[in-house]
Amino acid sequence: MRWSTAENFYASCERVFDPSLERRPVVVLSGNDGCAIARSAEAKALGIEMGEPAFKLRRFENDGLVLLSSNFPLYGDMSARVMAVLATFAPGIEVYSIDEAFLDVAGVPAAYLVSWARCVRATVRQWTGIPISVGIGPTKTLAKLANRLAKKSQKANGAVDLTADPAWLEPALKRTPVGDVWGIGRQFAAKCGLAGIRSAWDLAQSPDGWIKKNLGAVGLRTVMELRGFAVYEADDFPGDRKSACVSRTFGDAVDDLASVKDAVAVFAERCAAKIRKEGLAAGAVQAFATTDRFRKDEPQATIGLTLPLAPPTNATPAIVSLALRSIERSWRPEFRWRKAGVLLLDLVRPEDIPADLFAPPASDRSEALMQAVDGIVARMGRGAIGFGHHDQNATWRSRSASRSPSWTTRWEDLPVAKA
DNA sequence: TCTGGGGTCCTAGGACCC
DNA sequence: TCTGGGGTCCTAGGACCC
C-alpha cells in the first residue's frame with residue numbers, strides 16, 4: 001500500500017505558474033479571503049497556523065509574505081495532471097482527495113519499493129512541477145503515518161517504507177504524536193492526553209475496551225490499522241456521493257429576506273448543476289442560513305428545513321423553488337445572516353428509481369432545457385446563462401481580492417511565453 | 001473591522017410499533 | 001405510589017477527513 005501526497009499542494013500549484021513565489025512564504029486563503037488554508041514551507045516556518053484569520057497575517061508583511069485568494073479551478077486541473085501521472089505507475093489508484101492518492105504496489109519487488117517511489121516522485125515533479133512525498137505501509141493508516149515521516153525527514157528524501165524492516169515500526173510509532181494519526185482529531189487527541197496516551201505507539205498498546213468506549217467504533221478501526229491489520233481496503237471505484245452542498249460565507253452580513261433568497265437561489269442552481277454533471281438526482285433539498293459564529297456579542301441562530309423532492313430530480317427550477325421555500329418557511333427577521341447554503345440529499349441515479357404507477361407521465365422538456373443550459377455554461381463559462389437575475393455586486397457576494405489567473409482552464413488566462 | 005467549503009460515518013435519542 | 005420489554009426507523013448532532 002502506498003500513499004502519495006503532494007506537498008503544500010495549493011501553494012505549489014501557484015508556484016508552477018509564478019516562479020517569483022519560489023523560496024518565499026506563500027499563503028493561500030479560503031473563500032472570502034477569510035483564513036489560511038495552505039502554506040508554503042517558508043510560511044510554516046514563520047509560525048503561520050492552518051486556519052489562521054487573514055487579518056492576523058498582516059504582521060508578516062515585512063517578511064515578504066504573499067497572500068493569495070484560492071483558485072480551485074487551477075488546483076483541480078493540476079490535481080488531475082498529478083493523478084494521471086501516478087496512474088501510469090500502478091495497476092490500481094484510489095484518488096483520496098485533491099492532493100492525495102492511494103496506489104496498489106503489488107508487483108513491485110519489496111527490495112525496490114523505495115527507489116521506485118523516488119522515481120515516481122521525480123517523474124511527477126518533472127511532468128507537472130508539483131513536489132510530492134510517498135509513504136509505504138501494510139495498512140492505509142500506517143502508510144499515511146509513513147508519508148508524514150517522509151515529509152518531515154530530510155534523510156528520507158521524500159519516501160519512507162515501513163514494510164522494509166519490521167523493527168522500524170516501533171520507533172516510527174513512538175515518533176508520531178497521537179494527534180497526528182489519521183483518524184485522531186482534536187477531541188480524540190484530548191481524550192488520549194487525559195489518559196496519558198501521547199504517541200501512536202501508546203495508542204496501539206491501549207486496551208480495546210478503553211478505545212471502544214472513548215473513541216467509538218471508528219477509533220477502534222484506526223487502532224487495528226496501527227497494529228498492522230488492514231481494515232480499510234483499496235477502493236479504486238468509489239460509489240456515487242450521497243449528498244452535495246454549495247455554501248458560502250457572505251462578504252458582509254445581511255438582514256433582509258430578499259438577499260438571503262437571492263444567495264440561496266444562486267447556490268441551489270450551482271448545486272443542481274453539480275449533481276447533473278454526475279448523473280444524479282436529489283430526493284430532498286435543505287437550504288440553510290446561519291449567523292456569524294464569531295460575533296459573540298450578537299444572538300446566534302440557524303434557519304432551514306429539509307423538504308422532500310418526489311420523485312427525485314436534478315432540474316434547476318424545482319430545486320431552486322424548494323430551496324427558497326425552505327428559507328421562507330423558517331425565516332426569522334431578527335437576526336443578521338452571515339452564511340447560507342444548499343444541500344441536496346438522498347442522491348440517487350434516476351435509472352435506479354422504481355417507476356411510480358400513479359406519477360404523472362414524465363416530461364422530457366425540463367431535461368432538454370437543463371441539457372441546453374449546461375451546454376451553454378460549458379462553452380461560454382459560468383454566468384453566461386442562468387435562472388433569474390442576480391446582482392454580481394450584492395452585499396452577500398464573497399470577497400476574493402488576489403486570485404491568480406486560471407492558467408490551465410481558461411483560454412483568456414493562458415500564460416504567454418515572451419520571445 | 002476582518003475567521004472556508006465540502007464531504008463521510010457513527011451514535012444517541014425520540015417516535016412508533018407490537 | 002405503583003406503570004414492560006424489545007424491536008425498527010429516522011434525524012440531529014458530533015466526530016473525523018481534506
Side-chain angles (χ1 to χ4, degrees), chain A residues 3 5-10 27-38 48-59 67-72 75-76 79 94-102 140-141 144 147-148 178-192 212-222 225 231-232 235 238-253 267 270-271 274-275 278 280 283-284 286 288 290-298 302 304-306 308 336 338-347 398-401:
Chain A
W3 279 95
T5 316
E7 295 175 13
N8 319 318
F9 181 60
Y10 301 162
V27 163
V28 176
L29 299 173
S30 63
N32 216 29
D33 291 344
C35 66
I37 58 167
I48 295 171
E49 298 290 330
M50 202 69 165
E52 200 166 339
F55 68 87
K56 286 189 181 168
L57 298 178
R58 293 212 196 98
R59 61 194 157 101
L67 295 178
L68 297 170
S69 304
S70 47
N71 182 351
F72 283 99
Y75 312 149
S79 172
E94 176 188 342
V95 176
Y96 175 70
S97 74
I98 195 165
D99 68 344
E100 285 180 295
F102 162 66
K140 284 186 168 182
T141 304
K144 289 268 288 185
N147 182 273
R148 176 183 169 276
V178 70
D180 285 349
V181 172
W182 187 44
I184 305 297
R186 283 246 299 276
Q187 306 299 322
F188 284 5
K191 282 185 183 173
C192 288
K212 177 72 171 66
K213 183 164 181 287
N214 291 278
L215 311 182
V218 186
L220 195 54
R221 286 207 276 270
T222 292
E225 287 243 320
V231 177
Y232 302 112
D235 188 4
D240 293 325
R241 69 161 105 216
K242 292 160 182 169
S243 66
C245 175
V246 170
S247 73
R248 292 288 181 277
T249 300
F250 297 156
D252 277 303
F267 302 157
R270 276 188 215 158
C271 208
K274 186 148 90 177
I275 66 168
E278 298 174 26
L280 299 170
Q286 181 187 23
F288 66 90
T290 63
T291 48
D292 188 340
R293 64 197 171 102
F294 295 102
R295 290 290 297 264
K296 303 297 181 200
D297 55 325
E298 289 191 1
T302 299
L305 293 170
T306 305
R336 286 163 42 79
R338 188 69 209 291
K339 175 178 176 163
V342 171
L343 285 118
L344 299 182
L345 310 165
D346 303 340
L347 299 184
S398 296
R399 289 183 284 261
S400 188

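Hydrogens, waters and symmetry mates play no part in the numbers below; they use all other heavy atoms, side chains included. Just so we're on the same page: letters track the sequence lines, and every chain starts at 1. In this text the structure is predicted, and so the values were computed from the model without any measurement.
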- prompt: Base, sugar-phosphate, or nothing: which does A:D33 touch, judged by heavy atoms less than 4.0 Å apart?
  reply: nothing
- request: Answer with base, sugar-phosphate or nothing: what part of the nucleic acid does A:E52 contact at a heavy-atom distance below 4.0 Å?
  value: nothing
- prompt: How would you label the contact of A:F72 with the nucleic acid (heavy atoms, under 4.0 Å): base, sugar-phosphate, or nothing?
  reply: nothing
query: Is any side-chain heavy atom of A:D240 less than 4.5 Å from a side-chain heavy atom of A:E278?
result: no
query: So, is A:R248 near the phosphate of B:dG6, with a side-chain N or O under 4.0 Å from OP1 or OP2?
result: yes
message: Using a 4.0 Å heavy-atom cut-off, does A:I184 contact any base of the nucleic acid, only the sugar-phosphate backbone, or nothing at all?
response: sugar-phosphate
statement: Assign each of A:V218 and A:S30 the nucleotide of DNA chain B bearing its closest heavy atom; nearer the 5' end lies the nucleotide of A:S30
- request: Please confirm whether A:F102 and A:Y96 have ring centers closer than 6.0 angstrom.
  value: no
query: Do A:N32 and A:S30 have a side chain donor and acceptor closer than 3.5 Å?
result: no
- prompt: Taking A:K191 for the side chain and A:N214 for the main chain, is one N or O donor matched with an acceptor at less than 3.5 Å?
  reply: yes
task: Establish, with yes or no, whether the OP1 or OP2 oxygen of B:dG4 is under 4.0 angstrom from a side-chain nitrogen or oxygen of A:R293.
output: yes
message: Whole angstroms only, please: what is the CZ-P distance between A:F250 and B:dG4?
response: 14 Å
query: The side chain of A:I37 lies closest to which of these nucleotides: B:dG4, B:dT3, C:dC18?
result: B:dG4
- prompt: Any side-chain N or O of A:K339 less than 4.0 Å from the OP1 or OP2 oxygen of B:dG5?
  reply: yes
- request: Establish, with yes or no, whether the OP1 or OP2 oxygen of B:dG5 is under 4.0 angstrom from a side-chain nitrogen or oxygen of A:T249.
  value: yes
What donor-acceptor contacts under 3.5 angstrom involve side-chain atoms of residues 49-58 of chain A, with partners at least two apart or in another chain?
from: A:E52; atom 1: OE1; to: A:E49; atom 2: N; distance (Å): 2.8
from: A:E52; atom 1: OE2; to: A:R59; atom 2: NH2; distance (Å): 2.6

message: Base, sugar-phosphate or nothing for A:K274? Non-hydrogen atoms, less than 4.0 Å.
response: sugar-phosphate
- prompt: To the side chain of A:Y96, which of C:dC16, B:dG5, C:dC17 is closest?
  reply: C:dC17
- prompt: From C:dC18, B:dG4, B:dC2, pick the nucleotide closest to the side chain of A:F294?
  reply: B:dG4
- request: Check every atom of C:dC18, B:dT8, B:dC2 against the side chain of A:R399 and return the nucleotide holding the closest atom.
  value: B:dC2
task: Would you mind checking if A:E298 and A:R338 are paired as a salt bridge, meaning a charged N to carboxylate O distance below 4.0 Å?
output: no
field: Between B:dT1 (C1') and A:R336 (CZ): distance, integer Å
entry: 12 Å
query: Base, sugar-phosphate, or nothing: which does A:V181 touch, judged by heavy atoms less than 4.0 Å apart?
result: sugar-phosphate
- prompt: Atom CG of A:L67 to atom P of B:dT3: distance rounded to whole Å?
  reply: 15 Å
field: Separation between the C1' atoms of B:dC2 and C:dC18, rounded to whole Å
entry: 25 Å
- prompt: Of all heavy-atom pairs between A:G183 and A:T222, which one has the smallest distance, and what is that distance?
  reply: CA-OG1, 4.2 Å
message: Rounded to whole Å, please give me the gap between CG in A:L29 and P in B:dT3.
response: 12 Å
query: NA contact type, A:S243, heavy-atom cut-off 4.0 Å: base, sugar-phosphate, or nothing?
result: sugar-phosphate
- request: Please state the P separation for the pair B:dC17 and C:dT3 - nearest whole angstrom.
  value: 24 Å
task: Under 4.0 Å between any heavy atoms, over every strand shown, what does A:A217 touch: base, sugar-phosphate, or nothing? Just pick one.
output: sugar-phosphate
task: Just call it for A:K242: base, sugar-phosphate, or nothing, with non-hydrogen atoms closer than 4.0 Å on any strand.
output: sugar-phosphate
message: Which residue in the set A:E225, A:E94, A:E100 passes salt bridge (Lys or Arg N to Asp or Glu O under 4.0 Å) when paired with A:K140?
response: A:E94
field: Length of the line joining A:E298:CD and B:dT3:P, which is rounded to integer Å
entry: 12 Å
query: Are any of A:K144's side-chain N or O atoms less than 4.0 Å away from OP1 or OP2 of C:dC18?
result: yes
message: I need the CZ-C1' distance between A:R186 and C:dC17, as an integer number of Å.
response: 14 Å
- prompt: Of the nucleotides B:dG4, B:dC2, B:dT11, which one has an atom closest to the side chain of A:K212?
  reply: B:dT11
query: Which residue lies toward the 5' end of DNA chain B, A:V246 or A:G251, if each is placed at its nearest nucleotide?
result: A:G251
- line: To the nearest angstrom, the CG-C1' distance between A:D99 and B:dG5 comes to 15 Å
message: If I take atom CZ in residue A:R338 and atom P in nucleotide B:dG5, what distance separates them, rounded to the nearest angstrom?
response: 9 Å
- prompt: Any side-chain N or O of A:S247 less than 4.0 Å from the OP1 or OP2 oxygen of B:dG6?
  reply: yes
query: With a non-hydrogen cut-off below 4.0 angstrom, is A:R221 in contact with a base, only sugar-phosphate, or nothing?
result: sugar-phosphate
- prompt: So which nucleotide does C:dT11 pair with, by the Watson-Crick or G-U wobble rule with both distances under 3.5 Å?
  reply: B:dA12
